[in-house]
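Side chains are part of it too, since the values below use all heavy atoms of this structure and drop only hydrogens, waters and symmetry mates. Chain A is the first sequence line, chain B the second, and so forth, proteins listed ahead of strands; every chain is numbered from 1. Just so it is clear, the model here is predicted, and its values are computed rather than measured.
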Protein chains: 2
Amino acid sequence: MAAIVDPAGSAASDSPAPAAPSTKERILHAALESFGTTGFDGTSLDDLARHLGIAKQTILYHYASKDALLAAVVDHAAAELTATLEEALRSEELGWGRIERLVRSVFRLALRRPELLGLLREVSRPGSASAARLSDHLEPLVERARLFLEAEMAAGHLRSSDARLVLLSAYSTVVGVATEVEVLKAVGIEPTLRTTAVRRRELLRFLRSALVAD
Amino acid sequence: MAAIVDPAGSAASDSPAPAAPSTKERILHAALESFGTTGFDGTSLDDLARHLGIAKQTILYHYASKDALLAAVVDHAAAELTATLEEALRSEELGWGRIERLVRSVFRLALRRPELLGLLREVSRPGSASAARLSDHLEPLVERARLFLEAEMAAGHLRSSDARLVLLSAYSTVVGVATEVEVLKAVGIEPTLRTTAVRRRELLRFLRSALVAD
DNA sequence: GAACCTCCTGACCACATGGTAGAGGTTCGG
DNA sequence: CCGAACCTCTACCATGTGGTCAGGAGGTTC
């Protein structure tokens, strides 16, 4: 529908100049942060604007509505996620090594940008309208991962099992790591690098036991 | 949507009168359902009342405020959760068998009352005020589980590892099973009994590999 | 200097929200 | 029959919400 006119700012292709982010970008990032932690319903445009030190109407100038903003946020998050995974998948490594590399990169992301995975969790709520949008973005990636796993299984590099369910378990675990900080605290653990490393090791062990033929 | 009527089929209870639930109870259950799926912020008292066919003010008569309602819902959910776990823990079985029994009962719960685990997820959002309330309720249970695991480790029945992190992983998995239906669909799987069974098997395999000395 | 553009803002609006006040209505003991 | 506690309702309110409108500041073009 209302395709946001891309304001000439598509020049941000090559030079990684640390240029001051445009207002539009600042809004996007703040919204991602807030949607990913406080939730969509829990975030008001007024709060967002106040936090950014701008007028709410400025948000609505750049994004036609709150829903449009969410859509943009989802698009951005999907792109970022895809980039992370693509990078990890670039290696031509096969078998277990590739999986391990992938898991490590996602855990790094979970640690650095927990709100990004928080957004996943938020958006994938049952009945969410943006769920479809997100999965449209991620579907090819998932498909690719699935085909890779299945090919590896067929080739005998990995043990046969339901690739999609394995992916799902890995997903749950990583998102859990990023979003269940409160639970962590409740169990009496302060989230540290170490605990994350342990959980990563656990996931790897699980994947290994599920996928690697002994 | 209908059939809020709990079958009350707790296995070993002596035929409690299936009395029509009081308005207060109906409110509590509807709120649990809605908070656990649509979220707290996403649930308005008006919607809730309309859905129940009562006036909003009736809700506010029984529960002083929306927050008070949430508190009551959290209390109720914690009680239900505790009851489920307690029942599974009643057996004097030791070692792996007990763990397996526990996992099975929780999966059963995840299948039957996904909104209950959805509420967990909702409430354990970073910064949630009710997180503390929930963990107050569940803390003794967690502690008990931890001590059990550690004792079993010390006794050599289970392999040594960080009991709390194992618990956390199990938690993530189960809550994921209950709440990530949209993700499941996005990956191209319709949630069925079978997929749940597979994921339960996976969790058990993981726990086994983490806990059982080969 | 005028016309035009992009970016941003203050003033304002319709409406949904959580919450209050008060008026019945029902039930039950005295 | 009376009152009292309990429950539910209609009517209303203050505030916060997403969103509209008109316009201003700064720059570029002719």
Side-chain angles (χ1 to χ4, degrees), chain A residues 1-12 19-74 122-123 125 127-130 133, chain B residues 4 17 19-35 37-74 122-123 127-130 133:
Chain A
M1 42 191 306
I4 310 298
V5 186
D6 198 28
S10 37
S22 69
T23 302
K24 188 170 184 177
E25 287 167 342
R26 288 182 60 224
I27 295 172
L28 191 71
H29 288 125
L32 171 51
E33 164 104 25
S34 189
F35 290 168
T37 53
T38 315
F40 180 73
D41 290 320
T43 301
S44 81
L45 294 186
D46 286 285
D47 289 344
L48 215 48
R50 207 172 308 128
H51 176 254
L52 283 166
I54 63 176
K56 169 175 63 172
Q57 293 69 17
T58 304
I59 298 177
L60 290 167
Y61 167 74
H62 289 285
Y63 302 93
S65 68
K66 195 186 178 187
D67 286 303
L69 175 58
L70 175 60
V73 164
V74 167
E122 170 78 13
V123 158
R125 235 207 284 255
S128 159
S130 314
R133 189 182 193 93
Chain B
I4 297 180
S22 69
T23 302
K24 187 169 184 176
E25 286 167 340
R26 289 182 60 226
I27 295 173
L28 191 71
H29 288 125
L32 172 51
E33 164 106 25
S34 189
F35 290 168
T37 54
T38 313
F40 181 72
D41 291 319
T43 301
S44 81
L45 294 185
D46 287 285
D47 289 345
L48 215 49
R50 208 173 307 129
H51 176 252
L52 283 166
I54 63 174
K56 168 176 63 172
Q57 292 65 22
T58 303
I59 298 177
L60 288 166
Y61 167 75
H62 290 285
Y63 302 93
S65 69
K66 196 187 178 187
D67 286 301
L69 176 57
L70 175 60
V73 164
V74 167
E122 171 77 12
V123 158
S128 158
S130 314
R133 190 181 191 94

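- Looking at every heavy atom in both residues, A/Val74 comes nearest to A/Ser130 through CG2-CB, 4.2 Å.
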Once base and sugar-phosphate atoms are separated, protein heavy atoms under 4.0 Å mark nucleotides 7-23 of chain D, 5' to 3', with B, S and - as BBBBB-----SBBB---

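- Using the Watson-Crick or G-U wobble rule with both distances under 3.5 Å, D/dC30 pairs with C/dG1.
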Please report, to 0.1 Å, the donor-acceptor pairs under 3.5 Å made by any side chain of residues 60-71 of chain B, with sequence neighbours excluded.
from, atom 1, to, atom 2, distance (Å)
B/Tyr63, OH, B/Lys24, O, 3.2
B/Ser65, OG, B/Asp67, N, 3.4
B/Ser65, OG, B/Ala68, N, 3.1
B/Lys66, NZ, B/Phe40, O, 3.0
B/Lys66, NZ, B/Thr43, O, 2.7

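- For A/Val123 against A/Ser128, the heavy-atom pair with the smallest separation is O-OG, 2.7 Å.
- Using a 4.0 Å cutoff on non-hydrogen atoms, no part of residues 26-38 of chain A comes near DNA chain C.
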Verdict with supporting geometry, A/Ser34 and A/Asp47, side-chain contact (heavy atoms from CB on, under 4.5 Å): CA-CA 10 Å; A/Ser34 189; A/Asp47 289 344; over 6 Å; no

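- Taking both residues in full, the closest heavy atoms of A/Ala49 and A/Ala55 are given as CB-C, 3.8 Å, listed atom of the first, atom of the second, then distance.
- With sequence neighbours left out, the side chain to side chain contact (heavy atoms under 4.5 Å, CB included) criterion links A/Asp41 to B/Asp41.
- Judged as a salt bridge (Lys or Arg N to Asp or Glu O under 4.0 Å), the pairs with a partner in residues 51-65 of chain B (not counting sequence neighbours) are, in order, B/Asp46-B/Lys56.
- For A/His29, the ring pair (Phe, Tyr, Trp, His ring centres under 6.0 Å) partners two or more places apart in sequence, or in a different chain, are A/His76.
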